[in-house]
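Report on one structure; see the data block that follows.
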Amino acid sequence: MSSDRVIIFDTTLRDGEQSPGASMTKEEKLRIAKALERMRVDVIEAGFAIASPGDFEAVKAIADTIKDSTICSLARAVDADIDRAAEALKNANSGRIHTFIATSPIHMQYKLRMQPDQVIAQAIHAVKRARSHTDNVEFSCEDAGRSELDFLCRIIEAAIDAGATTINIPDTVGYAIPHQYAETMAQLLARIPNADKAVFSVHCHNDLGLAVANSLAAVVAGARQIECTINGLGERAGNASLEEVVMAIKTRKDLLNVHTNIDTPHILSTSRLVSGITGFPVQPNKAIVGANAFAHESGIHQDGVLKHRETYEIMSAQDVGWHTNKMVMGKHSGRNAFRTRLEELGIQLAGEAELNAAFARFKELADKKHEIFDEDLQALVSDTLAEVEEHFKLAYLEVASKTGEVPHAHIVLSVDGHESKADAEGSGPVDASFRAIESLVNSGATLQLYSVNAITQGTDSQGEVTVRLEKGGRIVNGNGADTDIVVASAKAYINALNLMQSGMEKAHPQGADV
């Protein structure tokens with residue numbers, strides 16, 4: 001590998017999935033993996049194979065399908081974990097086992113209940129076992145940010161001698177500060193005798209909002225792999241954001257003197273895919289992929305950009321997938337124009353059946369909206385691909401909401417083909433609608449999240465609603481989009497109920513804070 005190339009290791013499907021409510025089905029993980037492959041991500045951490053049968057199947061499906069990216073599975077420094085990871089990766093074109101053990105005094109004493117020498121011995125054993133399956137082995141020092149430097153030097157040297165080809169120094173609890181984290185990386189590279197025999201990696205959490213800054217500081221100090229996620233998804237405050245890391249490296253190559261292999265125009269479509277699947281909307285002022293990232297309202301800014309883009313824009317919007325020359329889609333647009341626009345947006349459908357279903361939804365929407373924007377197409381396709389067997393289907397919804405009166409909803413729901421009616425009151429039209437639905441289905445589920453996101457600007461914009469339901473430890477995210485926000489809400493609630501009924505489980509994974 002070129003000494004000035006930074007490997008991009010995406011862990012959206014493993015660490016990102018550990019965000020409460022962000023769990024994904026096997027099919028959804030596969031769709032994201034294909035998008036990451038198109039973006040030319042070097043390493044895709046597909047999951048934690050031993051965590052559950054579902055996680056194993058997802059890792060296996062991705063390993064069996066993806067050919068251009070290395071597929072990785074996480075494993076504790078335990079034989080059963082490592083062997084299960086190897087089994088899931090058996091058919092991978094390029095596979096990696098990522099094994100880890102805690103190295104901070106607090107973790108060794110209270111979590112592992114092991115002495116430092118025992119931890120080193122366990123690490124050596126784990127790396128050797130992983131090497132018996134593959135020559136691509138990553139070793140992580142969990143909670144490295146709070147570990148003693150002398151001990152890190154000892155365990156990393158031993159891990160490299162045992163066969164580790166990548167060494168990860170995670171800031172597991174998001175405690176590091178850039179200059180301090182960079183100094184730790186520089187010290188490790190200088191003091192470990194065999195450091196040149198492995199690629200050093202960083203995995204930063206965003207608890208102090210410094211995950212991207214810490215990652216870049218470590219790269220300046222010599223790290224050559226960054227572990228990150230789409231939209232910065234991850235436990236607690238999230239991980240380093242792939243789009244921010246990659247575009248910082250591309251935009252400031254004058255200072256960083258490194259590059260990545262990422263095909264950046266696919267960033268936006270991948271961001272939207274992950275957002276749609278997980279139900280985590282991207283905030284408008286999010287760097288790179290937020291709706292306002294390339295918007296200018298100030299008159300001074302607008303004037304400057306019109307005269308010369310670089311006065312207020314440090315990168316091209318098209319570089320990350322935004323399009324300024326939008327083709328206007330509407331009710332008179334044909335199937336070929338529709339297909340072409342999807343291809344330009346980086347949206348790939350499995351076959352004619354999916355295309356036909358998406359086109360039918362497009363025509364439905366075009367009857368309600370004069371102009372269809374790219375964002376509408378993204379939501380429309382997400383809806384099409386997320387379809388499940390419809391035990392429950394919205395047949396009719398009528399709501400009444402007047403000042404000074406209690407909102408009321410009348411609903412007709414098709415339950416396995418048989419129509420049932422219900423009326424309910426609530427604190428608002430959405431609450432009344434949900435109560436009416438529940439009076440018919442009696443799901444017993446708890447509403448954990450209700451989120452509304454306007455897909456485009458204007459009063460005729462579609463509203464995209466996410467509803468998260470939990471029942472008996474199972475979590476599902478239902479999505480719905482419509483120009484009527486109450487209808488979109490009812491669709492999202494019913495979609496979540498169908499997911500729960502169909503057994504498309506998104507149980508929260510038992511992951512690890514690497």
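Note that this is a predicted model, so its numbers are computed, not measured.
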Residue that, paired with Glu235, satisfies side-chain contact (heavy atoms from CB on, under 4.5 Å) out of Asp15, Thr172, Asp207: Asp15

Greater than 12 external heavy atoms within 6.0 Å of Lys111's NZ: yes

For the student: nearest non-hydrogen atoms of Asn231 and Lys286, plus distance: O-CE, 4.0 Å

Any residue meeting side-chain hydrogen bond (donor to acceptor under 3.5 Å, both in side chains) with Asp135, in chain and number order, not counting sequence neighbours: none

CG on Asp263 to CD on Glu37, rounded to 0.5 Å: 12.5 Å

Side-chain (Asp171) to main-chain (Ala176) donor-acceptor, under 3.5 angstrom: yes

Ile167 backbone acceptor or donor facing Ser201 side chain under 3.5 Å: no

Polar contact flag, side-chain donor to acceptor under 3.5 angstrom, Thr134-Asn136: no

Side chain to side chain donor-acceptor pair (under 3.5 Å) contacts touching residues 113-122 (sequence neighbours left out): Asp117-Arg154

Member of Thr166, Ile101, Asn168 meeting the side-chain contact (heavy atoms from CB on, under 4.5 Å) criterion with Phe139: Ile101

Enclosure of Leu255 CG (heavy-atom neighbours >12, cutoff 6.0 Å): yes

Main-chain N/O of Gly163 paired to Arg131 side chain as donor or acceptor, under 3.5 Å: yes

Can you give the donor-acceptor pairs under 3.5 Å from side chains of residues 184-192 to other protein atoms, not counting sequence neighbours?
unit_1, atom_1, unit_2, atom_2, d
Thr184, OG1, Gln180, O, 3.2
Gln187, NE2, Glu183, OE2, 2.9
Arg191, NH1, Asp150, OD1, 3.4
Arg191, NH2, Asp150, OD1, 2.5

NZ/NE/NH1/NH2 to OD/OE distance under 4.0 Å, Arg129 and Asp79: yes

Partner residues of Lys60 under the side-chain hydrogen bond (donor to acceptor under 3.5 Å, both in side chains) criterion, sequence neighbours left out: Asp64

Residue pair Val258 / Lys253, side-chain heavy-atom distance below 4.5 Å: no

More than 12 heavy atoms from other groups under 6.0 Å of CD on Glu148: no

Partners passing side-chain hydrogen bond (donor to acceptor under 3.5 Å, both in side chains) against Lys250 (at least two apart in sequence or in another chain): Thr264

Ser271 to Val282 - nearest heavy-atom pair and separation: OG-CG2, 3.9 Å

Tyr175 atom OH, over 12 foreign heavy atoms within 6.0 Å: no

For Asn206, side-chain hydrogen bond (donor to acceptor under 3.5 Å, both in side chains) partners two or more places apart: none

